[in-house]
2 protein chains.
Amino acid sequence: MQNSEALALTAALLAAAGDLTQRINDGVVARGFEARPAYGFAFARLAPDGATVTDLATHLGVTKQAASQLVDELVRKGFVERRPHPGDARARLVVLTERGWACTRAAEEAAAEAVQGWVDVLGEREVRALCDRLVRIAPYGRIRPAW
Amino acid sequence: MQNSEALALTAALLAAAGDLTQRINDGVVARGFEARPAYGFAFARLAPDGATVTDLATHLGVTKQAASQLVDELVRKGFVERRPHPGDARARLVVLTERGWACTRAAEEAAAEAVQGWVDVLGEREVRALCDRLVRIAPYGRIRPAW
DNA sequence: AGGATTGGTCAAGTAGCTTGACTATATGGC
DNA sequence: GCCATATAGTCAAGCTACTTGACCAATCCT
């Protein structure tokens with residue numbers, strides 16, 4: 001594989017990721033939520049049973065201060081609330097509100113819609129193969145693209 | 001394909017793109033260039049024959065002011081220079097200096113190195129297939145992931 | 001020729017992150 | 001049981017890379 005191809009691959013990855021991210025966010029906004037892309041990835045971590053600020057920070061690849069600010073923002077908009085942590089008095093458990101769940105579902109719908117465009121081009125099998133390979137490459141990488 | 005899978009795919013794409021981007025940048029820095037990830041994508045546009053600030057802005061998906069600031073930065077670091085545009089007295093052609101070319105080659109090497117890690121895991125055939133599919137999906141999308 | 005468009009820069013404002021400093025709770029060695 | 005150390009979280013300040021807005025000069029269109 002030539003050197004220049006590797007850069008092109010990177011560019012394609014970034015373009016694909018950016019495109020998808022923006023489509024999802026547009027879809028969420030179109031469904032009436034005042035959101036930005038980071039929300040969806042935060043929700044993905046918070047969804048099952050909530051998480052601490054530090055967990056969230058690790059998941060998003062930012063400092064815990066930044067994660068805390070994001071949580072402030074989400075609280076202000078009514079998507080999550082901070083509760084005392086059952087097993088640790090220092091920590092606080094951040095959990096989704098009903099509105100937060102609604103926004104999460106909207107994000108998933110929008111994501112499915114955006115990916116559908118790819119399925120139309122490549123077919124479901126190919127998209128799934130793509131997905132599998134990506135997961136094998138970057139199983140637990142930080143979400144944040146960062147440049 | 002389920003809705004939640006679509007979000008996971010997006011996350012995997014972002015993680016892969018972010019991982020690759022950071023590895024490339026680390027590689028470039030290790031080769032002695034004071035660079036940030038945006039440089040590589042700028043160089044990709046400037047490399048053949050140079051480009052105007054507006055071209056660059058379109059390619060990177062930012063305002064022309066932002067692109068102009070990036071060019072300022074690149075000039076200050078000696079990677080590019082602004083020349084009068086041969087066919088348009090308003091425009092200026094931004095071209096790579098010798099140092100700029102050296103940094104471009106470093107970026108391509110680093111990219112190849114980073115992708116090699118993927119080849120080791122998936123095999124060359126699979127990586128190439130991945131690449132082809134990505135290009136079919138996002139042929140000329142903006143580079144900038146933006147969140 | 002002259003209004004509208006385009007390429008570029010200057011200036012100011014800002015979102016979203018960072019680093020640094022601090023408090024409160026928890027943990028582990030002795 | 002105590003103290004040193006580590007961890008969860010917040011507050012405050014600073015900074016980077018972007019944005020919007022205003023503007024000038026050259027070009028295009030009719």
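To find a chain, count down the sequence lines: A is the first, B the second, and so on, and within it residues start at 1. Since this is a predicted model, take the numbers as computed values, not measurements.
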Original post:
For Ala89(B) and Leu93(A), take the nucleotide of DNA chain D holding the closest heavy atom to each; which residue's nucleotide lies nearer the 5' end?
Top reply: Leu93(A)
Original post:
Taking 4.0 angstrom as the limit, do Asp132(B) and Arg128(B) come out as a salt bridge?
Top reply: no
Subject >> Value in whole Å for how far the C1' atom of dA8(D) lies from CG of Asp55(A) >> reply: 10 Å
Subject >> Salt bridge flag under 4.0 Å for residues Arg105(B) and Glu98(B) >> reply: yes
Subject >> dG8(C) OP1/OP2 closer than 4.0 Å to side-chain N/O of Ser68(B) >> reply: no
**OP:** Check whether any side-chain nitrogen or oxygen of Arg36(B) sits under 4.0 Å from OP1 or OP2 of dA17(D), and answer yes or no.
**Re:** yes
**OP:** State whether Glu113(A) and Arg31(A) are salt-bridged, where the test is any N-O pair (Lys NZ or Arg NE/NH1/NH2 against Asp/Glu carboxylate O) under 4.0 Å.
**Re:** yes
Subject >> Arg82(B) vs dT9(C): side-chain N/O to OP1/OP2 distance below 4.0 Å >> reply: yes
**OP:** Identify the heavy atoms of Ala35(B) and Asn25(B) that sit nearest to each other, and give their distance.
**Re:** O-OD1, 3.5 Å
Original post:
When you match Leu70(A) and Asp88(A) each to their closest nucleotide on DNA chain C, which lands nearer the 5' end?
Top reply: Leu70(A)
Subject >> Aromatic ring pairing Phe33(B)/Phe79(B), orientation class (parallel under 30°, perpendicular over 60°, tilted between) >> reply: tilted
Original post:
Which angle, to the nearest 10 degrees, lies between the helix axes at the two ends of the helix from dA1(C)-dT30(D) to dC30(C)-dG1(D), each defined by five pairs?
Top reply: 40°
Original post:
Between Thr52(B) and dG7(C), is there a side-chain N or O to OP1/OP2 distance below 4.0 Å?
Top reply: no
Original post:
Between Val53(A) and Lys64(A), which heavy-atom pair has the shortest distance, and what is it?
Top reply: CG1-O, 3.5 Å
Original post:
Is it the case that more than 12 heavy atoms not belonging to Gln116(B) sit under 6.0 Å from its CD atom?
Top reply: yes
Subject >> Taking every non-hydrogen atom, the tightest pair across Val127(B) and Leu122(B) >> reply: CG2-CB, 4.2 Å
Original post:
Without hydrogens or angle criteria, can the side chains of Thr58(A) and Asp55(A) be said to hold a donor-acceptor pair below 3.5 Å?
Top reply: no
Original post:
Nearest-Å distance, CD (Glu73(B)) to P (dT16(D))?
Top reply: 10 Å
Original post:
Rounded to whole angstroms, how far apart are CG on Asp72(A) and P on dG16(C)?
Top reply: 13 Å
Original post:
Does a side-chain N-to-carboxylate-O contact under 4.0 Å join Asp19(A) and Arg23(A)?
Top reply: yes
**OP:** Write down the distance between CZ (Phe41(B)) and P (dC18(D)), rounded to a whole number of angstrom.
**Re:** 13 Å
Original post:
How close or far is atom P of dT16(D) from atom CD of Glu34(B), stated in whole angstroms?
Top reply: 12 Å
Original post:
Atom CZ of Arg92(B) to atom C1' of dT27(D): distance rounded to whole Å?
Top reply: 17 Å
Original post:
Nearest to the side chain of Thr54(A) - dC17(C), dA8(D), dT9(C)?
Top reply: dA8(D)
**OP:** Would you mind reading off the distance between Leu56(B) atom CG and dC18(D) atom C1', rounded to a whole angstrom?
**Re:** 14 Å
Original post:
Between atom NE2 in His85(B) and atom C1' in dT27(D), what is the gap in whole Å?
Top reply: 13 Å
Original post:
Quick one: what's the B/S/- string for nucleotides 20-25 of chain D, heavy-atom cutoff under 4.0 Å, read 5' to 3'?
Top reply: BB----
